[in-house]
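Heads up, the thing below is written out as structure tokens.
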Number of protein chains: 2
Amino acid sequence: MAKFNQIPLRESDRIEVELRRLILTLELEPGLAISEASLMKQYNLGRTPLREAFQRLAEQSLLQIIPHHGVVVTPLNVFEFVEVMDAMSMVIGSAAVLACKHMTQTQLDKLDELVKEGTSASAAGDFVRVAELDYEFHRELADATGNRYLRDYLLHLHRIATRFNFAAWKRDRNSTPSLEEHRQLAALFRQRDVDQVKTAMREHIENARTRLMGSLSNSD
Amino acid sequence: MAKFNQIPLRESDRIEVELRRLILTLELEPGLAISEASLMKQYNLGRTPLREAFQRLAEQSLLQIIPHHGVVVTPLNVFEFVEVMDAMSMVIGSAAVLACKHMTQTQLDKLDELVKEGTSASAAGDFVRVAELDYEFHRELADATGNRYLRDYLLHLHRIATRFNFAAWKRDRNSTPSLEEHRQLAALFRQRDVDQVKTAMREHIENARTRLMGSLSNSD
DNA sequence: TATATGCATATTGTATACCAAATGTATATT
DNA sequence: AATATACATTTGGTATACAATATGCATATA
């Protein structure tokens with residue numbers, strides 16, 4: 001009788017999540033060639049769930065499958081970064097307006113909580129956690145837009161951008177997402193100040209762009 | 001020495017393309033449950049390429065994989081349609097501006113050619129072909145933006161919308177994409193009239209929205 | 001040297017058999 | 001009617017074998 005109540009976790013889901021984590025944090029280096037055999041041994045998996053995870057991650061632009069050649073972690077380059085941020089800039093304004101209008105009390109509280117957690121994670125120098133919370137912050141925002149397609153797009157772009165965030169941080173430990181801006185944004189959302197939210201959100205993105213461009217443009 | 005020269009076509013690619021075609025044209029009815037076994041026999045395939053195609057199509061929101069239950073063609077409902085069109089509206093203006101600025105002579109010619117082909121396809125009552133050409137038109141536009149992420153997003157949204165186009169057409173044979181608007185747009189692109197292109201493109205989307213809403217809102 | 005050719009090898013792509021896990025349905029029980 | 005149980009079906013995953021293709025290396029040719 002139980003119908004989709006508790007989703008069983010497939011092996012392919014587990015490895016997908018794990019690989020995505022490794023890719024986003026750059027623990028799997030951009031451009032790295034991945035072989036099925038090594039991952040099969042390393043994670044004690046069969047080929048089926050592994051290959052299915054590959055398909056999904058490739059569809060998410062995190063892997064590239066070159067037929068009969070192999071799987072490669074999608075490389076990073078500055079041009080791609082510019083395109084992601086350009087794309088983000090085009091929609092973040094509309095997204096912020098929608099989110100501001102629809103955001104629930106619960107979501108507002110969640111934003112505050114994320115900022116608080118982020119502050120301590122930042123103080124502890126836990127960049128991985130900071131990046132996670134940054135993602136969660138933007139997820140609340142994306143959810144609040146109430147538009148599924150916009151939501152998925154925003155989070156897709158954010159994930160792509162995350163890799164550049166890590167790349168910048170690895171070169172310059174001072175290059176971290178701005179907690180202060182998140183705090184400010186959370187406050188503006190609570191005030192339901194649509195115009196200010198829109199402006200602040202656009203600035204937030206542009207600040208992230210310039211901050212990362214500085215760290216990324218050292219060679220490469 | 002030959003390196004990635006001619007991409008070999010995998011079975012999983014062939015079935016992915018075929019299934020996508022069937023889904024977009026509604027030959028595979030929204031909500032339909034698909035069984036591996038039947039498709040394996042019907043297309044004389046093994047499970048592996050079939051299941052990998054499923055993964056990719058699910059990632060494209062065209063299929064839904066419910067673990068241990070089955071694969072379902074993603075259902076259609078009016079609310080989803082509204083969300084797609086809202087999402088499209090948010091980016092189509094920026095996209096049009098970029099495309100207008102970057103469009104090459106070759107692409108301008110291609111637009112004219114697509115309009116011409118569309119006219120004859122429409123005269124012949126070949127709706128499938130009209131829909132194909134509509135997609136190609138928007139693909140040229142999306143390509144011309146020069147932003148990969150924006151491009152992929154636009155085409156993703158267009159594909160989702162395509163299913164609603166077919167749904168509307170099946171209820172009302174007079175509900176077809178406006179060739180005249182495409183013709184007008186092609187002319188404006190050629191004139192490099194950014195402002196007019198932007199306005200016309202927005203109207204094009206809104207017209208499509210209202211046209212389809214009329215056909216879709218009869219029950220369901 | 002440079003290029004071309006052919007073969008051996010490794011890896012991916014596909015097919016198949018088998019088992020485990022979950023679901024849906026039918027039946028039985030209260 | 002509602003709940004519980006048993007069974008059949010389907011998918012998820014493993015293991016294995018084989019086919020198809022790419023790569024590397026050795027050799028041959030200019």
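Hydrogens, waters and symmetry mates are skipped; everything else that's a heavy atom, side chains included, is used. Just so you know, these numbers come straight off a predicted model, no measurement behind them. Order of the sequence lines fixes the chain letters, A, B, ..., with proteins taken first and strands second; residue numbering starts at 1 for each chain.
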Consider the side chain of B/T48, meaning its heavy atoms from C-beta on, and name the nucleotide among C/dT16, D/dT14, C/dG13 that approaches it most closely. C/dT16

Got a sec: does the CD of A/E29 have more than 12 other heavy atoms crowding it under 6.0 Å? no

Take the protein atom CG of B/L39 and the nucleotide atom C1' of C/dA15, then report the distance between them rounded to whole Å. 16 Å

Specify the separation, in whole Å, of atom CG of A/L63 and atom P of C/dT12. 13 Å

Write down the distance between CD (A/E52) and C1' (C/dT14), rounded to a whole number of angstrom. 14 Å

Among D/dT11, D/dG13, C/dT12, the one nearest any side-chain atom of B/H68 is D/dT11

Taking CZ from A/R51 and P from D/dA15, how many angstroms apart are they, rounded to a whole number? 16 Å

Between A/R139 and A/D143, is the closest basic N to carboxylate O distance under 4.0 Å? yes

Heavy-atom pair of closest approach, residues B/L114 and B/E140: CD1-CG, 4.1 Å

Using a heavy-atom cut-off of 4.0 Å across all strands, would you classify A/I34 as base, sugar-phosphate, or nothing? sugar-phosphate

Is there a donor and acceptor pair, one atom on the side chain of B/R47 and one on the base of D/dG13, closer than 3.5 Å? yes

Write down the distance between CZ (A/F54) and P (C/dT11), rounded to a whole number of angstrom. 13 Å

Rounded to whole Å, CD of A/E36 lies from C1' of D/dT14 at a distance of 14 Å

Nearest whole angstrom, please: distance from the P of C/dA20 to the CG of A/L9. 19 Å

is_close_aromatic(B/F166, B/F127), centroid dist under 6.0 Å: yes

Taking the six-membered ring of B/W169 (Phe, Tyr or Trp), confirm whether the NZ or CZ of B/R171 is under 6.0 Å from its centre and within 45° of its axis. no

Listed nucleotide nearest any side-chain atom of A/P49, set D/dT14, C/dT16, D/dT21: D/dT14

Considering heavy-atom distances to DNA chain D, does A/G46 or B/A37 have its closest nucleotide positioned more toward the 5' end? B/A37

Please give, in whole Å, the distance from D/dG13 P to A/E16 CD? 12 Å

Do any side-chain nitrogens or oxygens of B/H69 fall under 4.0 Å of OP1 or OP2 in D/dT10? no

Give a yes/no on whether any side-chain N or O of A/S35 is located under 4.0 angstrom from OP1 or OP2 of C/dT12. no

